[in-house]
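Structure first, commentary second.
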Amino acid sequence: MKSVLILSSSPRRDGNSDILADAFAEGAREAGHRVEKISLRDKTINFCRGCLSCQKTLRCVIRDDANDIAQQMKDADVLVFATPIYYYGLSGQLKTMLDRANPLYPAEYAFRDIYLLAAAAEAEESAVDGAVTGIEGWIACFPKSSLKGVVRGVGATAPGDIRSNAAVIDRARSMGRSC
């Protein structure tokens, strides 16, 4: 049994990337994994100050929800990032959390497998490429980990649109089962 942590950065309840996160979670639970999903919209996460104190203390000097989330990330076997696509990249909410995960850089982290679930209004799958590049840049700082899969939920504009794309929902669920 693996510990799976899903960070959902959709600012909308029932947003398309959040629906993908739920499908992944369902598949991972079916496979017998322990799953926790954190919705960043419910958290207070301030911007990194760049002080680098965290490199010595393994904790951030800013007292908000990011410290606890980073510690949960450190201990998870599998990390899943769910994001809406904003201007062909990661949502600001997710990018801010990734920046605040800087205390993990010198730490002994458990995660090895990382997944990206992305929903975009744009119909072309290439709309997700910038987000993939962003996640790959973060992963490059954690050499024991790798990107194991990407779900590209494209052509989903209004909240819930992704539900009409059964193939992409099934892909997220299947990816969760195989994580």
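These figures come from a predicted structure and were not determined experimentally. Along the sequence shown, the residues carry numbers beginning at 1.
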Going through the distances and angles, do Phe47 and Thr96 end up as a side chain to side chain contact (heavy atoms under 4.5 Å, CB included)? CA-CA 6 Å; Phe47 296 118; Thr96 298; 3.5 Å; yes
With sequence neighbours excluded, tell me which residues meet salt bridge (charged side-chain N to carboxylate O under 4.0 Å, His left out) with Glu124. none
Looking at the rings of Phe81 and Tyr115, which for Trp means the six-membered one, are their centres under 6.0 Å apart? no
Count the heavy atoms belonging to other residues, nucleotides or ligands that lie under 6.0 Å from NZ of Lys56, then report whether that count exceeds 12. no
Please determine if Lys74 forms a cation-pi arrangement with Phe111, meaning its NZ or CZ atom is less than 6.0 Å from the six-membered ring centre and no more than 45° off the ring axis. no
Applying a strict under-4.5 Å side-chain criterion to I, L, V, M, F, W and Y, I'd like to know whether Met73 and Leu116 cluster together. yes
Applying salt bridge (charged side-chain N to carboxylate O under 4.0 Å, His left out) to Arg34 and not counting sequence neighbours gives none
If hydrophobic clusters are built by linking Ile, Leu, Val, Met, Phe, Trp and Tyr wherever their side-chain heavy atoms come under 4.5 Å apart, do Leu79 and Leu94 end up in the same one? yes
Looking at side-chain heavy atoms only, is the closest gap between Asp18 and Arg41 below 4.5 Å? yes
Verify the cluster assignment for Val151 and Leu7: are they in a single hydrophobic cluster under the rule of side-chain heavy atoms below 4.5 Å apart? no
Name all residues meeting the salt bridge (charged side-chain N to carboxylate O under 4.0 Å, His left out) criterion together with Asp14; count only those two or more places apart in sequence or in a different chain, and write none if there are none. Arg163
Considering only NZ, NE, NH1 and NH2 on the basic side and carboxylate oxygens on the acidic side, decide whether Asp42 and Arg13 come within less than 4.0 Å. yes
